[in-house]
Amino acid sequence: MSHVVQESPEAWRAANWPWETARDEETGAAIPRPPEWEEFHTPEARIVLRAPVPPGYFAWNVALTVERPPSELAEISAYSSAMIGTMALTMTDLYVIGIDTIELYELEGRRVLSAHRSGPYGLALEQFWFLKDGIATIFSGTCEATDHDEFTNKFSQLVQGMSLATRLPGEQN
Amino acid sequence: MRLTEAGVDLFYRSGSWYRRRRKLDPERAEQFDRLHEAGLLDERGRATEDAQPALRALRNPWMTVTVQATAGQFGRQWIAQLGPTHAWIIAHPSPAIGPHLTAEQVAALDESHGKEFEVQIVPLSWTPVAACQWIGINPREARPTGLETKCISRDSLVRRVADPAEPCPEGIDPEFWAQPMLLWAVITNPGGAHCLVLDTGHDGLWQVQQEDSDVELEAALPHDAWRLIVRAMNKAERIATGEPAEDPHQD
């Protein structure tokens, strides 16, 4: 098990990160936003960050999603199995490369690296997910598979500065 | 799709002259049918429009990626020739270590895999994934943790990969030594040899570093092994396209 960092995400961002923070006020989730990356909010994801790329290239992106899993999936192993099962049903030619246990601010989570096809692209999908107080926060970083070595460190850095969701939209803390 | 060398040759030469099926010998005629059924050749033996990206990769690759795998007495290869948009991949059967294979079973896998090759045509960015699938980089139930390393005599390791009966060297965990072992390397053109990895099934993946007569095995997560393949391809691409070398301090 690897320890990502022991500080709070807010303290870590203040000390280490010169970038702005993308926040979702409704859930409390937040993530550093690299300069020039565009920020979106969509029904599916609370925060989407997309890198600027020339036309014709796949736009590397990061999505933060938040959900409350049912009680039988409240434990990280069960939740991870269910997540990967769903991915296998919904993604073309999904291939899971690695599943690692990681720790973020003393909270156990998973890093899952997989690949799938989308149109003309072979994509690498690097995900980190954590469960806290019954709420799952899922970080999904996507790039072309051949670009992944360039982006995996950036994905890890963004996760280090990520604040987990504390509630679902419409819920009070 | 599976092809013999004759089938690959038929596709390579498609369009250079008409190859009506009835003029071909029985083996080539059968290979012709496979290529036609796969949509790569038309009825007159010309490469179809859909086959052009694969044909460009086969005839004039700007980069080649080879994965060489060794276990027991056998060696197998996976070769990707990269064209502008697609890769043409030709490979022996996958040597990936299954979850229930013993060291003896892996070492005894038959070297004679017939005359046929597995052929894949994939978008360029799927190439490292195809390599990963063939070599069997995938999640492991139990795997090395932390920064574990082992130092072993190179000759002992080579003999052990070839023969599970090789005695366990002093200082090495006998349980580790009893695991199925598959050694694989990534070689690119341009670029040459990039990395050597030992797959020990349940005991995980190990990057092999040569040190005189010894080798050091450094525990590697599947994520790390995947990055070795992608990094080898990126480095070869930079050489092939004349881009400057990666800044070693970038990370």
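This one's a predicted model, so the numbers in the text were calculated from it and none came from an experiment. Residue numbers start from 1 in every chain, and the chains themselves are labelled A, B, ... in the order their sequence lines are given, proteins ahead of strands.
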So, do A:H116 and A:Y95 have ring centers that fall under 6.0 Å from each other?
no
Select, from A:I97, A:L123, A:L113, A:T146, the one with the greatest count of heavy-atom pairs under 4.5 Å involving chain B.
A:I97
Do B:E118 and B:P93 have side-chain heavy atoms sitting under 4.5 Å apart?
no
For chain B, the option from A:R117, A:H148, A:E144 that forms the most heavy-atom pairs under 4.5 Å
A:R117
Honestly, the part of B:L124 sitting under 4.5 Å from a heavy atom of chain A is backbone
Return yes when atom NZ of B:K150 has more than 12 non-hydrogen atoms of other residues, nucleotides or ligands closer than 6.0 Å, and no otherwise.
yes
Do the two ring centres, one from B:W206 and one from B:F176, sit under 6.0 Å apart?
yes
Using non-hydrogen atoms only, which part of B:N234 is less than 4.5 Å away from chain A: side chain, backbone, both, or neither?
side chain
Using atom types as modelled and distance alone, determine if a side-chain donor or acceptor of A:E150 lies under 3.5 Å from a backbone N or O of A:D147.
no
Measure A:S114 against the heavy atoms of chain B and call it side chain, backbone, both or neither at under 4.5 Å.
neither
Closest-packed option against chain A by number of heavy-atom pairs under 4.5 Å, given B:C132, B:A130, B:P128:
B:C132
Whether over 12 other heavy atoms sit under 6.0 Å from A:E20 CD
no
Please state whether the side chain, the backbone, both or neither of A:Q157 comes within less than 4.5 Å of a heavy atom of chain B.
neither
